[in-house]
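One structure is given below, encoded as structure tokens.
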Amino acid sequence: MPYVLGIDVAQGRTHAATCRRQGPGWGEPEPLWLGERSPAAASALFLDDEGYLLTGDAAAQAGAQVPSRLLTGFHRRIGDDVPMVVEGESFPPETLTTVLVEGIAEHAANLFGGPPHHLVLTHPGDWGGYRRDVLRRALAEAGFTAVTLVPGSIAALGAHLPVPGPGAQVAGVCEFSSDGVNVTLATAAGASGWLPGATAEGVAPAAALSTLFALAGAASTSPKGLAGVVFCGEVPPHALPARPPCPVFAGPVPPATTALGAAAVATLRADHRMAPQEPPAVETTLLPKVDTLGELGERPPRPPVDIAPFELPERTGPMNLFRRRRPLAAAILVLAAAVSAVLITVTAREATAGPDQPPAPSHCAAPGAPSGEGHC
């Protein structure tokens, strides 16, 4: 059965939706059941003992037992040259996203009897051409050639405003998540498709709509001039305004809105009714842009260069004085050493000689003195 597939890889959960061919047209987008208890599945992979990668909720359950083998957050890291390493194995982020897409596409092929006619995959709104090309090449190597990559905000508009009306159009998207609300102002010229414009990230849920109106005012568009506002993601209760100045769309299942819109965009791409719109590349102004390089002339003569010597100031310390007067200092040291040696020699001799010794006593007593030891 001919069908198209839309996949929204969000930070925590992945949603998917399909549209089946009905006669000359396409049916309404329908959620594709991915999880065990809900249509969404975890945006996770798990490396098992045999070297295979588990996907979705099975990966999250296995990762709860062995967290070191769990892989998450890889979709936002596409374009990073540093691979993700698990148990010594290196995985480029774009390869991990491709594995996740392969698992979803295989599940859809088992249900509908073959691959989809076209695949639309969402990506963060701040991606440039380099990240899209990296992911596109990885998908092509896996066999996905009929692929369109669109920002998540543009895919969300596809669920309710897939084809802009005539003339210039402006619409808004409020993507709710645990990190706040990402507010995007999208523009379109005719039926060429939506393009993301000004954005604001991490906005408080209560200030989402007012922030969007402020972005619209900066683009010279009043709130009543908006073609519509789409609420998607984890929309909290009572977030929808009671009396909005423009149409506001939320859908029955806001977390699945982006995937449903991606499937709707896939039907347009399958029928070649809308070319993929990507933000224009930013040109650098560091170097002049030229079509052809002219011939280089002769090298101009080098101007003379006068180099003035740089003299260091003289040191005034005692060591510097000693260095400058080394011969004189050496003579003084030799003379002082000689005088010291002479003084030491004289002093040593005097100490050795000592005072005059008295005469030894005689054993002979004075004449006439008695002596008990005999006579001399």
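The aromatic rings of F249 and H160 lie parallel to each other, their planes meeting at an angle below 30°, with 60° marking the opposite boundary.
Screening V150, D8, L149 against V120 for a side-chain contact (heavy atoms from CB on, under 4.5 Å) leaves a single residue, V150.
Under a 3.5 Å cut-off, the side chain of W26 and the backbone N or O of A270 do not form any donor-acceptor pair. S43 places a side-chain N or O within 3.5 Å of a backbone atom of A10 that can act as its donor or acceptor partner. Looking at T95, its side chain never comes within 3.5 Å of a backbone N or O of F91 through a donor-acceptor pair. Although no hydrogens or angles enter the test, the distance criterion places no donor-acceptor pair under 3.5 Å between the side chain of R69 and the main chain of V86. No donor-acceptor pair closer than 3.5 Å links the side chain of R132 to the backbone N or O of L135.
Counting heavy atoms of neighbouring residues, nucleotides and ligands inside a 6.0 Å radius, atom CZ of R76 does not exceed 12 of them. Within a 6.0 Å radius of CD in Q65, other residues, nucleotides and ligands contribute 12 heavy atoms or fewer.
Side-chain atoms of H15 and T258 form no donor-acceptor pair, as typed in the model, at a separation below 3.5 Å.
To the nearest 0.5 Å, the span separating CH2 on W33 from OG on S38 amounts to 6.5 Å.
Looking at E30 and R20, a side-chain N of the basic residue comes within less than 4.0 Å of a carboxylate O on the acidic one, giving a salt bridge.
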